[in-house]
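See below for the structure under consideration.
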Protein chains: 2
Amino acid sequence: MYLQLDGRGPLYDQLTRALKASILDGRIAAGTQLPPTRELAQELEISRTTVLAAYEQLRAEGFIDGRVGSGSFVSQLQTRPMPHHGSTAIDAPSRYAERAREVRNWDIPRLHRGLRYNLEYGYPMINPTLNNAWGRELARAAAYTQLNAIEVAGLGVLRKQTCDYLARRRGIQAQPDDVLIVSGTQQAINLTARVLVNEGDSVVLEEPHYFLAHQALVAHGAELVAVRTDDHGLVCDELPAQAPRMIYVTPSHHFPSGAVLSMQRRLDLLHYAEQHQCWILEDDYDGEFRYDAHPLAALRSLDEQDRVIYVGTFSKVMFGGLRLAYMVIPAALRADFLNAKYLGDMACPVIEQAALARFMEDGGFERHLRMSRKELKARREALVAGLKEHAHDRIEITDTPAGMHLVVWLRGYDVPRREALVDYAHERGLGLHPMSPLYLHAPERQGLLLGYCGHSVNEIREAMRLFGQCLDHMECP
Amino acid sequence: MYLQLDGRGPLYDQLTRALKASILDGRIAAGTQLPPTRELAQELEISRTTVLAAYEQLRAEGFIDGRVGSGSFVSQLQTRPMPHHGSTAIDAPSRYAERAREVRNWDIPRLHRGLRYNLEYGYPMINPTLNNAWGRELARAAAYTQLNAIEVAGLGVLRKQTCDYLARRRGIQAQPDDVLIVSGTQQAINLTARVLVNEGDSVVLEEPHYFLAHQALVAHGAELVAVRTDDHGLVCDELPAQAPRMIYVTPSHHFPSGAVLSMQRRLDLLHYAEQHQCWILEDDYDGEFRYDAHPLAALRSLDEQDRVIYVGTFSKVMFGGLRLAYMVIPAALRADFLNAKYLGDMACPVIEQAALARFMEDGGFERHLRMSRKELKARREALVAGLKEHAHDRIEITDTPAGMHLVVWLRGYDVPRREALVDYAHERGLGLHPMSPLYLHAPERQGLLLGYCGHSVNEIREAMRLFGQCLDHMECP
């Protein structure tokens, strides 16, 4: 009997696979009696035990009938030819999948990855001491944590630490029962969409806004309405007359411009939400990183009507791969959010949560935050100094002393010229990220979103020198 | 000026809060000049520095106008009275939220938590040596892992280990690019629903089936069609004439009955899916836990047409709080799944993935699996022996030597009698979980799903003795 063993993995596996394949494609016909194990072992020059084991497996799986000893007969299996369908493309994906394909198609280009100086907005730089400190916390947490404990809302000790932190740093008075631990801001946006938004519902965003929130909401089927922002954040007078389902805002530090939503506008926004019976999703994505003063209290801290769903993240303070964030949920929505979290992915991983709670309790978290803030401040200053020195009057800087990025506007540029600049910079090893994907309706003036988390002060100085040269080139190619 | 400090947290915070509250509710009117810092400090008997800091914060937040030195005047803020809306209930939740509320309402009762003997289906028992071994892996991974590396599909090394494992243990030939790491089986089901299912689409399930899959699919808006199972699994002849969007099956070990889908039916199912252009979601939830033979090859291993979406989980082998599972995705769906994962929660936490990959490469994972299997086998044997001894002819056991649970049918019971048994057992400290929530259309005969992961062999013996007494009680109350 001809059998071809493919040489991959243990002999027992190879033989089983070869026999199955031959049976399925009919080379060994149904009803055929397989050779006695001794014979096949001799023929293939393998041990009889291997053949016995293979036959047992085939019997267990239904390829062979008959009990051991009375001969092994190939089962009568009907293998009908498969109908032929020409296309390999997915037949009618869900509406979600279709919308997701559209939004992901005009994603901010990832082609700058790997460049020497990639000024990409993203996650905080790694503090080399964090790796080991965090490793110790994890090991400790693994030793004592109840590994099977699944609390949908998140580990109690972490929710408690989060409340203490929010009271201290963001002016929010919350109880552990108000808190939901989620796997990042992205999940928070998704759960909110799931709980509040039906396909076709209207959602208000600031213009410009966080591109991943935009993408998640569009994929979910929301109709987006973008409301203008200025130096004081969202222009609340221009909120639509027709109530949206939800308003997604970044009041502490507008993403991307950095503007702080003024106190008057905060009150106006809260009043609008109550009047229109809509919800506010406050994304406090980098509220901890303010370099000139204490961080401002969150919008949620003024929210007497319990209409603000608050999101903050640990990933920005710790590291991107942590995937942990927190929400403060209005009482009326709590059950729905817990349902959505449970049905979505049950709960966040338990050891990380335990380690983080301990890290916060120890003071490690705030020590790390202070160190990060100091370093980020130095990087920002290097960036601004570099821009002034090398780019000077060819750009306009939007500088709020906060966060992990800033915006520069290119004087006298249109879309083709901006694209040419970005391409040329890419060739020179400098990754520049344009502002236009952050808009629903991109404006005429061209801007760049400069993230400085990923580079040291010296690298930033170099990058700015390079940026200046690129701008020079655009003037005199 | 009357100010009440609430005694919570640092004085600076207390003062800021008190001033804000007074300004917002009008006790300190707009335009009022706040007292000089020295005066307020003396009045409240706190340091002048504290008052200065509070005024600075209020200025930054927009509560006070005016520069330092020229007096601090309360901003002209319009605080209009909030419109009154009587109800605190959420206004018109999304359709998803409404459906989720319905399904979560008839969740399997969690009131057995905390009972001495809770025979709940769930996560594997904890091997005490795992905690420390795993802690070491985590610490090591934290030390060398790129903490900001976000690979949507999952860490490359883990996907590679998963492929090796699947080839060795489940007969699946997959490449790392076919694999998606997800945060548990629940997320796998959700992503699949997102990518394939529109509201109103039909999904086929086995009858009975995994309750959390049911809940997730109903919440998503699927119309469920339950197809009968027997001792050979899903009765494929009874698949509907009208094509569903998707078929959710547990072919290696039907949940909950334990039946193995016969080879002929596997071929029939694959043929049906190709003919009807629908997809199959194979949930191989405990494929590693087979006690009498090598595990059977997965349905996916026979899938020439690339129509089977395969899900396996690490959480069942390791521990519930790990929240890591893996999918093998047909090529045509890969981009859509990556979109859904990215927009959903970007990626799974990186340190766990790195630790798990290393644990698998080290052989630690399979050592742990072997130890777990040995212990679970012993527990199962104790359960079956205990049932035979104490319950004997009052029940009928469905026993496939696999998995982490088994099913017993109660002879001569109807719903009220079963409910009485469960209540009485609860009072005696024994948690029994009925089968009916696992059905779309509950049958007349009454069954119990007995999970044995959570108890040692001795506890199981005790539990069975207790079970016998409860059955006695039902006969002679």
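Order of the sequence lines sets the chain letters (A, B, ...), proteins ahead of strands, with each chain counted from 1.
Using a 4.5 Å cut-off on side-chain heavy atoms (C-beta onward), B:Q173 and A:R17 make contact. Looking at heavy atoms from C-beta onward, B:P349 lies in side-chain contact with A:P349 at the 4.5 angstrom threshold. At least one side-chain heavy atom of A:H220 sits under 4.5 Å from a side-chain heavy atom of B:R194.
Looking at B:L24, the atoms closer than 4.5 Å to chain A (heavy atoms on both sides) all sit in the side chain, from C-beta outward. Interface remark: A:Q76 contributes backbone atoms only to the contact with chain B (heavy atom separation under 4.5 Å). Contacts between B:L138 and chain A at a heavy-atom distance below 4.5 Å involve backbone atoms as well as side-chain atoms. Neither the backbone nor the side chain of B:T185 has a heavy atom closer than 4.5 Å to any heavy atom of chain A. With a 4.5 angstrom heavy-atom cutoff, B:A219 touches chain A only via side-chain atoms. Residue contact with chain B, scored on non-hydrogen atoms closer than 4.5 Å, involves the side chain of A:Q305 exclusively. Of the atoms belonging to B:A297, heavy atoms from both backbone and side chain fall under 4.5 Å from chain A. For chain A, the nearby parts of B:D268 are the backbone and the side chain; heavy atoms of each come within less than 4.5 Å. When heavy atoms are compared at a cutoff of 4.5 Å, B:L324 does not approach chain A at all. Neither the backbone nor the side chain of B:E151 comes within contact range of chain A; no heavy atoms are under 4.5 Å apart. Proximity to chain B is absent for every atom of A:L191, based on heavy atoms less than 4.5 angstrom apart.
Interface summary for chain A: among B:G344, B:C348, B:G135, B:A100, the most heavy-atom pairs under 4.5 angstrom belong to B:G344. Ranked by heavy-atom pairs shorter than 4.5 Å toward chain B, the options A:E137, A:Q187, A:Q353 are led by A:Q187. Of the listed residues B:G62, B:A193, B:G321, the one with more heavy-atom pairs under 4.5 angstrom with chain A than any other is B:G321. With respect to chain B, the highest number of heavy-atom pairs below 4.5 Å among A:A216, A:S315, A:A347, A:A167 belongs to A:A347. Ranked by heavy-atom pairs under 4.5 Å with chain B, the list A:S75, A:G184, A:A133, A:S183 is led by A:S183.
Between A:D336 and the choices B:R104, B:R99, B:R95, B:R101, the salt bridge (charged side-chain N to carboxylate O under 4.0 Å, His left out) rule is met once, by B:R101.
Atom CG of residue A:L147 and atom CE of residue B:M318 lie 9.0 Å apart, to the nearest 0.5 angstrom. Separation of atoms CD (A:E199) and OH (B:Y96) is listed at 14.0 Å; rounding is to 0.5 Å. Distance check, rounded to the nearest 0.5 Å: CG of A:L343 to CG of B:N190 gives 7.0 Å. For the atom pair OG of A:S252 and CD of B:E61, the computed distance is 9.0 Å after rounding to the nearest 0.5 Å. Atoms CG and CE, on B:L212 and A:M346 in that order, are 5.5 Å from each other to the nearest 0.5 Å.
For residues 340-350 of chain A, the salt bridge (charged side-chain N to carboxylate O under 4.0 Å, His left out) pairs, not counting sequence neighbours, are A:K341-A:D345.
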For B:R323 and A:I150, run side-chain contact (heavy atoms from CB on, under 4.5 Å): C-alpha distance rounded to whole Å, both residues' side-chain angles, the deciding distance at 0.1 Å, then the answer. CA-CA 10 Å; B:R323 314 303 318 130; A:I150 295 192; 4.3 Å; yes
Please test B:I351 against A:W134 for side-chain contact (heavy atoms from CB on, under 4.5 Å), starting from the C-alpha separation and ending with a verdict. CA-CA 10 Å; B:I351 291 179; A:W134 184 241; 3.5 Å; yes
Kindly indicate, with the supporting measurements, whether the criterion side-chain contact (heavy atoms from CB on, under 4.5 Å) is fulfilled by B:S94 and A:N198. CA-CA 5 Å; B:S94 67; A:N198 286 317; 3.7 Å; yes
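For A:R265, the side-chain contact (heavy atoms from CB on, under 4.5 Å) partners at least two apart in sequence or on another chain are A:D230, A:H232, A:V235, A:C236, A:L261, A:S262.
Side chain of A:N148 to backbone of B:G320: a donor-acceptor contact under 3.5 angstrom is found.
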